[in-house]
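Along the sequence shown, residues carry numbers from 1. Owing to the predicted nature of the structure, the values given are computational and were not obtained by experimental measurement.
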Amino acid sequence: MARSAVLRGLAVIGIIILVLVVAGGIYLYTQNKPLPTGEAGEAADNLAVEMMDAVNKSAWDSTNIVRWSFRESHEHTWDKERDFAQVKWDEFVVNFHVKTKEGEVYEAGKLLEGEKKKELLGAAYSYWVNDGFWLNAVVKAFDPGTTRYLIKNEDGSEDLLVTYGSGGLTPGDSYLWKLDQETKRPLSWQVWASNLPVKGMEFTWESWKELHTGALIASNHMIGSLEINMGKVESADSIQTFFPDGDPFLSLDK
C-alpha cells in the first residue's frame with residue numbers, strides 16, 4: 001500500500017511537471033511576435049543616419065575611453081583609441097586586445113596561463129561583445145553585414161529594422177528600433193535573437209546620459225520588472241583617468 005501510494009505520488013508529480021512544461025511552451029509560443037517586413041534602401045539608410053545623429057555618433061567616435069557595467073555583473077573599461085578592453089567579474093580581471101582577442105588573465109591577482117587562460121579570454125570577449133552592444137548598439141546600424149529596413153506603421157510613424165547577417169556572436173539577429181518621431185532618438189527596441197526564448201521581446205532605451213564628449217548613452221533598459229542597467233557610464237580622454245596607478249594595457253601595447 002505504501003509503495004503504491006509513493007508511485008501514485010510520483011506519477012502525479014510527473015504529470016504536474018509535464019503540464020507546467022507544456023504550459024510554459026505554449027505561453028512562450030503565444031508571446032512570440034512575427035518579424036516585421038519593410039523596405040531596404042535609401043529611405044531606411046537615411047532614417048538610420050538620423051537615429052545615429054540623435055545620439056551624437058560623431059561624439060561617440062571621438063570618445064577615447066569609456067567605462068560601464070552590465071547588471072552589476074561585469075565591469076568594463078574600453079580603450080577605444082587603442083582597441084584594448086578590460087573585463088572584471090568575480091575574482092577575474094582580463095585585459096585583452098579586441099581584434100586579436102589575446103591578452104592577460106588574472107584570478108585573485110595571480111596571472112594565469114594555459115587552458116584556463118584561453119577559456120577566460122573567450123568568456124571576457126563574449127561579455128564585451130554582448131554588454132557593449134547593450135551599451136550603444138545605436139551606432140552599429142551600418143556595421144558590416146547589416147541591412148536596414150524602413151518599417152511604416154498604421155499610424156503613420158516610422159521605425160527602423162536592422163538585421164545582422166554576419167558579425168557578433170549570433171549572426172542573423174534582428175532589432176526593431178522604435179523611435180521618437182521628432183528627435184529620432186530610440187525609445188525601445190524589439191529583439192529577434194537566437195539566444196532569447198521569446199521573439200520580439202521589447203526593451204526600453206531610457207535614462208540617457210551625456211558623456212563628456214557629448215555622446216548620448218541609454219544607461220537603462222526595462223522589460224516589465226526586469227532591468228538591464230549599464231551602471232555609472234563614464235568617459236575620459238586618457239586611460240590614466242581611470243587607472244592613475246598605471247596603464248593596465250601597457251604590456252599589451254607593443
Side-chain angles (χ1 to χ4, degrees), residues 23-61 70-71 130-168 170-211 214-230 233:
I26 293 173
Y27 173 77
L28 291 177
Y29 177 79
T30 59
Q31 296 302 303
N32 283 328
K33 298 178 177 62
L35 184 67
T37 57
E39 184 175 346
E42 184 177 359
D45 290 350
N46 289 341
L47 183 58
V49 171
E50 289 185 79
M51 178 181 74
M52 293 190 298
D53 286 346
V55 300
N56 204 346
K57 181 182 182 297
S58 60
W60 170 257
D61 292 341
F70 184 80
R71 301 194 70 190
N130 177 79
D131 303 352
F133 199 65
W134 279 99
L135 176 73
N136 200 2
V138 186
V139 300
K140 298 177 70 63
F142 284 90
D143 275 11
T146 56
T147 306
R148 293 147 300 282
Y149 302 91
L150 181 67
I151 306 298
K152 296 184 177 181
N153 302 310
E154 293 182 357
D155 62 1
S157 61
E158 295 179 338
D159 297 324
L160 179 70
L161 178 69
V162 180
T163 296
Y164 291 79
S166 62
T170 54
D173 295 348
S174 294
Y175 301 84
L176 177 64
W177 292 102
K178 297 191 175 182
L179 309 175
D180 182 296
Q181 295 302 295
E182 293 185 4
T183 67
K184 305 306 179 185
R185 185 189 298 178
L187 301 172
S188 65
W189 70 0
Q190 284 184 264
V191 181
W192 284 262
S194 58
N195 60 354
L196 291 179
V198 177
K199 308 307 177 187
M201 297 175 70
E202 185 170 359
F203 299 82
T204 65
W205 280 63
E206 58 183 84
S207 301
W208 291 87
K209 293 183 178 180
E210 184 173 346
L211 303 184
L216 295 174
I217 299 292
S219 63
N220 202 44
H221 311 286
M222 299 290 298
I223 178 170
S225 59
L226 173 65
E227 179 182 35
I228 298 177
N229 192 280
M230 301 293 105
V233 185

Distance from [X] atom [atom1] to [Y] atom [atom2], nearest 0.5 Å?
| X | Y | atom1 | atom2 | value |
| --- | --- | --- | --- | --- |
| Tyr149 | Leu160 | OH | CG | 11.0 Å |
| Met201 | Asn32 | CE | CG | 10.0 Å |
| Asp53 | Thr183 | CG | OG1 | 11.5 Å |
| Asn130 | Asn195 | CG | CG | 7.5 Å |
| Leu150 | Asp159 | CG | CG | 8.5 Å |

Discussion item. Suppose we screen for side-chain hydrogen bond (donor to acceptor under 3.5 Å, both in side chains). Which residues come up paired with Gln190, at least two apart in sequence or across chains?
Written reply: Lys178
Test your reading of the model: is there a side-chain donor-acceptor pair from [X] to the backbone of [Y], 3.5 Å cut-off?
| X | Y | value |
| --- | --- | --- |
| Asp155 | Ser157 | yes |
| Lys199 | Ala193 | yes |
| Trp192 | Lys33 | yes |
| Ser219 | Ser207 | yes |
| Asp173 | Ser194 | yes |

Between side-chain atoms of residues 221-228 and protein atoms elsewhere (two or more places apart, or another chain), which donor-acceptor pairs fall under 3.5 Å?
unit_1, atom_1, unit_2, atom_2, d
His221, ND1, Thr204, O, 2.9
His221, NE2, Trp134, O, 3.1
Glu227, OE2, Asn220, ND2, 3.2

Worksheet entry | Worked check of side-chain contact (heavy atoms from CB on, under 4.5 Å) between Leu216 and Val138 | CA-CA 10 Å; Leu216 295 174; Val138 186; over 6 Å; no
Looking only at non-hydrogen atoms, find the nearest pair between [X] and [Y] and report the distance.
| X | Y | result |
| --- | --- | --- |
| Arg148 | Ala44 | O-CB, 3.5 Å |
| Ala215 | Ala59 | N-CB, 3.5 Å |
| Leu35 | Ser174 | CD1-CB, 3.7 Å |

Practice prompt. Could you go through the side-chain contact (heavy atoms from CB on, under 4.5 Å) check for Trp208 and Val55 one step at a time?
Written response: CA-CA 9 Å; Trp208 291 87; Val55 300; 3.6 Å; yes
Non-hydrogen side-chain atoms of [X] and [Y] separated by less than 4.5 Å:
| X | Y | answer |
| --- | --- | --- |
| Glu42 | Asp45 | no |
| Asn56 | Leu211 | no |
| Trp60 | Ile217 | yes |

Discussion item. Quick one, Thr146 with Lys140, criterion side-chain contact (heavy atoms from CB on, under 4.5 Å). Give me CA distance, side-chain angles, the key distance, then yes/no.
Written reply: CA-CA 9 Å; Thr146 56; Lys140 298 177 70 63; over 6 Å; no
Discussion item. Please tell me whether Trp205 and Tyr175 form a close aromatic pair, meaning their ring centres lie under 6.0 Å apart.
Written reply: no
Worksheet item: Among Tyr164, Phe203, Phe70, which one satisfies ring-ring contact (aromatic ring centres under 6.0 Å, His included) with Phe133?
Response: Tyr164
Fill in: Other residues, nucleotides, ligands: >12 heavy atoms within 6.0 Å of Lys209 NZ
yes
Practice prompt. Give a yes or no on whether a salt bridge exists between Arg185 and Asp180, defined as a side-chain N under 4.0 angstrom from a carboxylate O.
Written response: no
Item to complete: Kindly determine whether Leu47 and Lys184 satisfy side-chain contact (heavy atoms from CB on, under 4.5 Å), including the steps that lead there.
Response: CA-CA 8 Å; Leu47 183 58; Lys184 305 306 179 185; 4.0 Å; yes
